[in-house]
Structure formats: structure tokens, C-alpha cells
Q: 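After the C-alpha cells below, expect a handful of questions from me.
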Amino acid sequence: QKEVEQDPGPLSVPEGAIVSLNCTYSNSAFQYFMWYRQYSRKGPELLMYTYSSGNKEDGRFTAQVDKSSKYISLFIRDSQPSDSATYLCAMPSGGSNYKLTFGKGTLLTVNP
Amino acid sequence: EADIYQTPRYLVIGTGKKITLECSQTMGHDKMYWYQQDPGMELHLIHYSYGVNSTEKGDLSSESTVSRIRTEHFPLTLESARPSHTSQYLCASQTSGRGKNIQYFGAGTRLSVL
């Protein structure tokens with residue numbers, strides 16, 4: 001079983017829709033989780049960082065963690081065409097705080 | 001905003017050539033990483049370094065080599081490029097401070113070997 005699983009999509013929504021992106025993980029010891037956003041032909045950039053104990057909201061973005069189900073979500077409210085990108089979840093890898101395991105990424109397209 | 005730079009951004013080269021992909025960061029981060037990413041696929045760690053003169057192979061086997069002679073510089077070298085090396089190569093760095101273990105990425109080098 002892979003440490004991190006993410007549905008690669010692709011996901012296509014109309015502008016203004018609420019988007020839900022999800023990852024599951026296998027290691028219950030994970031203490032923090034990250035969401036990266038990657039625009040086409042660019043490197044990933046950190047979007048959200050959340051600890052396992054709670055949710056976090058930043059503008060139109062909300063990151064949630066469900067420890068009992070080993071499930072994390074990223075919600076985007078009022079989605080915009082500029083949100084079109086690949087979204088990757090990331091978690092510490094193999095007991096190390098210095099290596100990350102990334103999900104495959106979900107390609108999101110927001111249509112105007 | 002992260003200050004990590006990769007050159008070249010795009011490289012098209014013939015089989016058998018030796019190439020070096022450059023990566024530099026100005027944040028003083030101890031830890032640096034190289035990932036390989038094919039289109040629509042996940043990132044695979046191929047090399048990492050936790051400091052000067054320290055390099056390790058990552059989870060994905062790679063024919064490339066790296067060096068870390070200076071903190072800010074982490075070049076990746078392919079001695080003899082092959083078409084199977086065609087991919088995007090991403091460099092990242094991470095602070096050694098306690099707390100958030102965030103990796104900052106460069107814009108990547110897209111390599112095509114003909």
C-alpha cells in the first residue's frame with residue numbers, strides 16, 4: 001500500500017463552484033500535511049500547511065484532516081479560472097521529517 | 001517567495017552528451033532535493049543532501065549524480081544522456097529549523113534527449 005493516495009482526476013468545474021480535493025494516507029503517525037499547487041510548466045508551491053489536529057482556513061481555501069479515516073481534504077470556494085492547476089498533497093515520508101511523499105496530484109480546470 | 005533557481009529551464013540535447021542541471025538557493029537551507037516528474041505523474045525523489053559533502057540516493061533509481069560542495073549549490077549531472085532521461089527535473093530546498101518542514105521548489109528544467 002502506498003503511503004499517500006490521491007485521485008488524479010482530471011476534475012473540471014464551472015467558475016464559482018466549490019471544489020473538493022482529497023488524499024488518503026496509511027501512516028497514522030503523520031503529524032502534519034501540506035497541499036501544494038503546481039501550475040503548468042512550473043514547480044510546486046506551498047498552498048496550505050495543516051497539523052493533524054485541526055482544520056485551517058485561508059481565504060477561499062480550507063484544509064481539513066480526518067485522522068480517524070486517514071483522510072485529508074482541500075476545499076476551494078468560489079473557484080476561479082486562475083485556480084486551474086494540479087494540486088498535490090504531501091506528507092512526511094517514512095518516519096523522516098526531512099523527506100516528503102507526494103500524491104500523484106489532481107488536475108483541476110475551472111471553466112469561465 | 002522562495003529564492004531557488006534552476007537553469008536551464010529547457011534543454012534539448014542529443015544522445016550521449018554530458019549535461020549538468022544547475023540548482024541554487026539563496027535561503028541558506030541545509031537540505032536540498034532533486035525530483036523527477038513525468039507529465040501527469042507524481043514527483044519521484046532521485047537525490048537529496050542534508051548538507052555540504054552529504055548526498056544520498058532517493059527512492060527512484062537514477063543514473064544521474066549530484067554534488068554538494070557549497071550550501072547554496074546542488075547540481076545534477078548526467079554523464080551520457082539517453083532518451084529515457086527525458087523528463088522534468090525539479091530542485092527543492094528545506095530549512096533545518098524546527099517546526100514546519102516545507103520544501104521550496106524551483107521552476108524546473110524540462111529535459112528532452114533526442
Side-chain angles (χ1 to χ4, degrees), chain A residues 2-12 21 23-25 27 29-53 56 58 63 84-109, chain B residues 1-10 21 23 25 27 29-51 54-60 87-112:
Chain A
K2 298 183 76 172
E3 282 192 303
V4 180
E5 299 275 4
Q6 182 176 9
D7 184 344
L11 187 60
S12 181
L21 306 167
C23 287
T24 58
Y25 61 94
N27 189 340
F30 285 160
Q31 296 183 348
Y32 59 92
F33 307 88
M34 287 168 271
W35 287 95
Y36 280 81
R37 178 175 61 195
Q38 185 175 21
Y39 289 113
S40 179
R41 300 185 182 275
K42 296 288 180 65
E45 57 178 343
L46 182 70
L47 184 62
M48 296 284 283
Y49 182 106
T50 183
Y51 292 95
S52 61
S53 58
K56 186 174 183 179
D58 185 1
S84 298
T86 296
Y87 292 80
L88 304 102
C89 59
M91 303 170 201
S93 169
S96 167
N97 283 332
Y98 304 140
K99 293 197 310 185
L100 297 178
T101 293
F102 289 84
K104 281 190 172 182
T106 300
L107 176 60
L108 170 67
T109 301
Chain B
E1 187 172 323
D3 295 321
I4 182 163
Y5 306 100
Q6 289 187 245
T7 58
R9 287 294 315 279
Y10 303 93
L21 308 184
C23 177
Q25 50 96 5
M27 297 171 284
H29 289 170
D30 287 342
K31 296 171 179 55
M32 296 189 73
Y33 308 82
W34 276 103
Y35 292 87
Q36 186 173 339
Q37 184 183 35
D38 293 323
M41 301 296 289
E42 58 207 294
L43 285 85
H44 290 287
L45 181 67
I46 53 175
H47 297 283
Y48 61 98
S49 167
Y50 289 168
S54 159
T55 61
E56 301 286 345
K57 289 189 178 296
D59 306 320
L60 180 69
S87 189
Q88 174 161 261
Y89 293 84
L90 290 161
C91 181
S93 72
Q94 177 176 316
T95 181
S96 291
R98 287 189 62 189
K100 297 182 179 180
N101 295 68
I102 299 168
Q103 291 187 12
Y104 298 92
F105 285 83
T109 294
R110 191 170 293 271
L111 173 66
S112 294

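Side-chain atoms are counted along with the backbone in the values below, which use heavy atoms only and exclude waters and symmetry mates.
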Q: Of the non-hydrogen atoms in Glu42(B) and Phe102(A), which two are nearest, and what is the gap between them?
A: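 Looking at all heavy atoms of both residues, the shortest contact is OE1-O, 4.1 Å.
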Q: Determine, step by step, whether Tyr98(A) and Lys31(B) satisfy the side chain to side chain contact (heavy atoms under 4.5 Å, CB included) criterion, reporting the C-alpha distance in whole Å, the side-chain angles of both residues, the deciding distance to 0.1 Å, and the verdict.
A: CA-CA 8 Å; Tyr98(A) 304 140; Lys31(B) 296 171 179 55; 3.2 Å; yes
Q: Taking the side chain as everything from C-beta on, heavy atoms only, tell me whether Asp59(B) gets closer than 4.5 Å to Lys99(A).
A: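 Heavy-atom side-chain distance check passes, below 4.5 Å.
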Q: Would you mind telling me which of Leu100(A), Leu88(A), Thr101(A) makes a side chain to side chain contact (heavy atoms under 4.5 Å, CB included) with Leu43(B)?
A: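 So the option named by the test is Leu88(A).
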Q: Under 4.5 Å heavy-atom distance to chain B, tell me which part of Leu46(A) shows up: side chain, backbone, both or neither.
A: side chain
Q: What distance do Tyr36(A) atom OH and Gln103(B) atom CD have between them, rounded to the nearest 0.5 Å?
A: 5.5 Å
Q: Ile102(B) and Tyr32(A): side chain to side chain contact (heavy atoms under 4.5 Å, CB included), yes or no, with the steps?
A: CA-CA 11 Å; Ile102(B) 299 168; Tyr32(A) 59 92; over 6 Å; no
Q: Taking it one step at a time, do Gln37(B) and Gln38(A) satisfy side-chain hydrogen bond (donor to acceptor under 3.5 Å, both in side chains)?
A: CA-CA 12 Å; Gln37(B) 184 183 35; Gln38(A) 185 175 21; 2.9 Å; yes
